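Everything numeric in this text was worked out from a predicted model, so none of it was measured.
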Amino acid sequence: MLKPVALALLLLPFWQTAAPGRRVAITIDDGPVVGEMRDLGDFERISAGLIGSLQAEQVPATIFINERQLNVRGQRDGRVAVLERWLDAGFELANHTYSHPSANSVPLWQFGDDVVKGEVITRPLVEQRGRKLVWFRYPFLHSGTTAEAHQAIVAFLEQRQYRVAPVTVDYADYTFAGVYRTQLQAGAADVAAKIKDAYLAQIDAGFDYAEKASVEVFGYEVPQILLIHCNELNAFSLRDSIARMRSRGYRFITLDEAMQDPAYHRPDTFAGPGGSWLSRTATTLGKKISVRNARVPEWIAALTKQP
């Protein structure tokens, strides 16, 4: 019997001819709402914006949860109810640890504890609906700095029956989101609008990189896996972002559908500072990606440094 990696390599020519156009799976990290640890109303509003946008566009998504966001005194029930709204709307919830530690910065036992703590609320809610908690994503995409540490983490996650969700498209939405919210709070709606426009342009740059890089690494455009975050900017602009992706020829699939592509069947043996599935695979295979990833515009970067 052929090993999975050998079988994946044999299937590559077939997959390239059979794959029906561009496809992308949307995954959203740091849910339900990153950074909103005080105001339940804002927490609910931002979540509703994300849920409503995905429903209106009829797009599937997987939401990676940090359960720390749920444990706010006097608000826990209301915040858990938001989590249930994601499930009731048909979206998939996944584990992103409890408090978002880097696996490159804490000992394995501490990282493992944070993974388990990150499923205390989510797993029962998922299983009550007859589903399974399947997916896990490394915070910062960090999975250990040495081969031994990486393999120990992989073994732990396999024991917990998790599948690790990789990333191929990441255009640093969090950088735009921080300054967008700051400008809104300062009453600078005109600047916020310019930030949104720059953010939408960044989407094209991010996908252009992933499309070209995937051809360099795998020989064809893989089904892309997009990483964005549960923030106010995406709650406001997600429908525009989806329109941009559609204009590039993308149709939207689930994370599980994307992961059926042979490009994702090779084992992840990468140890180091993190990175996308494209860069991790290139490093492992001894390849170098010649195209440059999208850079945040200098004026956006300058806004992040303002007091």
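- A donor-acceptor pair shorter than 3.5 Å cannot be found between the side chains of D29 and Y174.
- Of the possible polar contacts, none joining the N66 side chain to the R68 backbone as a donor-acceptor pair under 3.5 Å is found.
- The side-chain heavy atoms of T168 and Y209, taken from C-beta on, include no pair separated by under 4.5 Å.
- A donor and an acceptor atom, one from each side chain of S47 and R85, are nowhere located under 3.5 Å apart.
- E221 and S214 share no side-chain donor-acceptor pair at under 3.5 Å.
- Note that R248 lies outside the cation-pi zone of F207, set by a 6.0 Å cut-off to the ring centre and a 45° limit from the axis.
- At a threshold of 4.5 Å between non-hydrogen side-chain atoms, the residues T175 and T304 count as touching.
- Within a 6.0 Å radius of CZ in R129, more than 12 heavy atoms belonging to other residues, nucleotides or ligands are found.
- Other residues, nucleotides and ligands contribute more than 12 heavy atoms inside 6.0 Å of the CZ atom of F156.
- Not a single donor-acceptor pair under 3.5 Å links the side chain of H142 to the backbone N or O of A103.
- A donor-acceptor pair is defined here as one N or O able to donate and one able to accept, closer than 3.5 Å; such a pair exists between the side chain of S279 and the backbone of S276.
- Here R45 does not pair with D39 in a salt bridge; the nearest charged N to carboxylate O distance is not below 4.0 Å.
- A salt bridge links R181 and E36; the closest N-O separation between the charged side-chain nitrogens and carboxylate oxygens is under 4.0 Å.
- Hydrophobic clustering (side-chain heavy atoms under 4.5 Å, transitive across Ile, Leu, Val, Met, Phe, Trp, Tyr) keeps V164 apart from W135.
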Go through the steps for R22 and E211 under the test side chain to side chain contact (heavy atoms under 4.5 Å, CB included), then give the verdict.
-> CA-CA 9 Å; R22 288 177 167 173; E211 290 154 8; 3.2 Å; yes
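- T284 is listed as a side-chain neighbour of R266, based on a closest heavy-atom distance under 4.5 Å.
- The minimum heavy-atom distance linking P32 with C230 is given by the pair O-CB, 3.1 Å.
- A pairwise comparison of heavy atoms in E44 and G78 identifies OE2-O, 4.5 Å as the closest pair.
- When each of F64, F140, F111 is paired with H100, the ring pair (Phe, Tyr, Trp, His ring centres under 6.0 Å) condition holds for F140 and for no other.
- The hydrophobic cluster containing V72, built from Ile/Leu/Val/Met/Phe/Trp/Tyr side-chain heavy atoms closer than 4.5 Å, also comprises M37.
- No side-chain N or O of H229 forms a donor-acceptor pair with one of N234 less than 3.5 Å apart.
- Hydrophobic clustering, with ILVMFWY side chains joined whenever heavy atoms are under 4.5 angstrom apart, keeps V222 apart from L226.
- Through direct or relayed side-chain contacts under 4.5 Å between Ile, Leu, Val, Met, Phe, Trp and Tyr, V167 connects to L141, L227.
- Residues Y264 and Y162 fall into different hydrophobic clusters, defined by Ile, Leu, Val, Met, Phe, Trp and Tyr side chains chained together at heavy-atom separations under 4.5 Å.
- Formation of a donor-acceptor pair under 3.5 Å by the R79 side chain with backbone atoms of Q69 is found in this model.
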Steps toward side chain to side chain contact (heavy atoms under 4.5 Å, CB included) verdict (E57, R246) = CA-CA 11 Å; E57 297 296 334; R246 285 196 170 116; 2.6 Å; yes
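- Environment of NZ in K196: crowded, with over 12 heavy atoms of neighbouring residues, nucleotides or ligands closer than 6.0 Å.
- A donor-acceptor contact shorter than 3.5 Å is absent between the side chain of Q110 and the backbone of P107.
- Judged by distance alone, with hydrogens and angles left aside, the side-chain atoms of T254 form a donor-acceptor pair with the main-chain N or O of E257 at under 3.5 Å.
- When all heavy atoms are compared, the tightest approach of I63 to G31 is CG2-CA, 4.4 Å.
- There is no path of hydrophobic side-chain contacts, each under 4.5 Å, that joins Y171 to I289.
- I300 and A198 make their closest contact through CD1-CB, 4.4 Å (heavy atoms, listed as atom of the first residue, atom of the second, distance).
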For side chain to side chain contact (heavy atoms under 4.5 Å, CB included), just list the numbers for L238 and L54, CA-CA rounded to whole Å, side-chain angles, deciding distance to a tenth of an Å, and then say yes or no.
-> CA-CA 8 Å; L238 187 53; L54 292 165; 3.8 Å; yes
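- Under a hydrophobic clustering in which Ile, Leu, Val, Met, Phe, Trp and Tyr are joined whenever their side-chain heavy atoms come within less than 4.5 Å, directly or via other members, F136 and I65 fall into the same cluster.
- With a 4.5 Å cut-off on side-chain heavy atoms, R160 and E119 count as touching.
- Not one N or O on the side chain of E67 forms a donor-acceptor pair closer than 3.5 Å with the backbone of L70.
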For side chain to side chain contact (heavy atoms under 4.5 Å, CB included), just list the numbers for V24 and V169, CA-CA rounded to whole Å, side-chain angles, deciding distance to a tenth of an Å, and then say yes or no.
-> CA-CA 9 Å; V24 60; V169 185; 5.6 Å; no
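- Using modelled atom types and a 3.5 Å distance limit, the side chains of S143 and R280 yield a donor-acceptor pair.
- L184 and A192 make their closest contact through CD2-CB, 3.7 Å (heavy atoms, listed as atom of the first residue, atom of the second, distance).
- Distance alone, capped at 3.5 Å, is enough to place a donor-acceptor pair between the R131 side chain and the L87 backbone.
- Under the 4.0 Å criterion applied to side-chain N and carboxylate O atoms, K288 and E216 are not assigned as salt-bridge partners.
- The nearest pair of heavy atoms linking V126 to L133 is CG1-N, 3.8 Å.
- In this structure, Y138 and H150 have tilted ring planes: the angle between them lies in the 30° to 60° band.
- With respect to K212 and D208, a salt bridge is recorded, a charged nitrogen being found less than 4.0 Å from a carboxylate O.
- Here the rule is side chain to side chain contact (heavy atoms under 4.5 Å, CB included) with L93, and of T62, V134, T122, L125 only T122 fits it.
- For F176, the ring-ring contact (aromatic ring centres under 6.0 Å, His included) criterion is met by Y199, not counting sequence neighbours.
- Side-chain N or O atoms of R23 include none that pairs as donor or acceptor with a backbone N or O of Y250 at under 3.5 Å.
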